[in-house]
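Since we're looking at a predicted model, the values are computed, not measured.
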Amino acid sequence: MKSTQKTAYFGAMLGLAIICGYVEMLIPFDFGVPGIKLGLANIVALVILYKNGFLPALAVNIARVLLVGILFGNAMGIAYALCGGILSLIVMCLLKKAPVFSTVGVSVAGAAAHNIGQLSAALPIIGLKAVIFYLPFLLLAAVVTGFLVGLGAALIIKRVRLSKSR
């Protein structure tokens with residue numbers, strides 16, 4: 001793939017991830033515990049991870065977090081999302097290599113890692129007691145949302161022919 005094609009492809013994937021994140025903000029999704037989100041943009045991250053590898057997925061994910069944070073969020077939100085997103089991608093990349101994990105399993109582990117990464121970033125601010133209180137709820141939510149995101153990503157990976165540039 002030519003460099004201009006790569007730029008267009010990853011730009012389109014970045015745009016899709018931003019749109020998924022924006023659509024997610026429009027969906028009323030409240031379980032009474034702050035911080036639980038569907039993670040629709042992670043479908044794009046998973047597709048890139050499986051089709052293009054770790055570094056492109058990391059680059060698109062970091063760019064998405066920074067752009068969405070600048071447009072709609074704040075510095076703390078960016079810090080939490082970066083910690084969660086980077087840890088999540090590292091875990092998903094490692095588990096993707098193990099033949100025992102399906103795309104859904106990789107997604108669930110990534111969702112749990114994302115929550116752990118965000119709570120680790122929040123630990124100095126909110127304290128250990130709050131983190132310990134929130135963690136079980138966030139991990140339970142990670143199983144559900146990670147499962148749904150993993151199913152969506154698996155369908156896309158299986159059915160859509162995407163470029164395999166590295």
Side chains of [X] and [Y] in contact at under 4.5 Å (non-hydrogen atoms):
X    : Y    : result
M76  : I125 : yes
V131 : I126 : yes
I157 : K51  : yes
L40  : I27  : yes
I116 : V91  : no
I90  : L58  : no

Reported [atom1]-to-[atom2] distance for the pair [X] and [Y], which is rounded to 0.5 angstrom:
X   : Y    : atom1 : atom2 : result
N42 : L49  : CG    : CG    : 11.0 Å
I62 : I86  : CD1   : CD1   : 4.5 Å
Y50 : K158 : OH    : NZ    : 14.0 Å
I78 : C83  : CD1   : SG    : 12.0 Å
L89 : L94  : CG    : CG    : 10.5 Å
I19 : E24  : CD1   : CD    : 14.0 Å

Heavy-atom pair of closest approach, residues [X] and [Y]:
X    : Y    : value
S88  : A111 : OG-N, 4.4 Å
V47  : A153 : CG2-O, 4.3 Å
A17  : A41  : O-CB, 3.5 Å
G146 : S107 : O-OG, 2.6 Å
A112 : L139 : CB-CD2, 3.8 Å
L46  : G150 : CD1-CA, 4.3 Å

Test of understanding: clusters of I, L, V, M, F, W, Y form through side-chain heavy atoms closer than 4.5 Å, transitively. Do [X] and [Y] belong to the same one?
X    : Y    : result
I156 : V106 : yes
V44  : M25  : yes
Y80  : L123 : yes
L155 : F101 : no

Through direct or indirect side-chain contacts below 4.5 angstrom among Ile, Leu, Val, Met, Phe, Trp and Tyr, which residues connect to L151?
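V104, V108, V143, V144, F147, L148, which link up through side-chain heavy atoms under 4.5 Å apart, make up the rest of the cluster.
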Would you mind listing every ring-ring contact (aromatic ring centres under 6.0 Å, His included) that reaches into residues 107-135, with sequence neighbours excluded?
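Sorted pair list: F133-F137.
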With side chain to side chain contact (heavy atoms under 4.5 Å, CB included) as the test, pick out the partner of M13 among I48, N52, I18.
I48
Report yes or no: does N74 contribute a side-chain atom to a donor-acceptor pair with the main-chain N or O of G77 at less than 3.5 Å?
yes
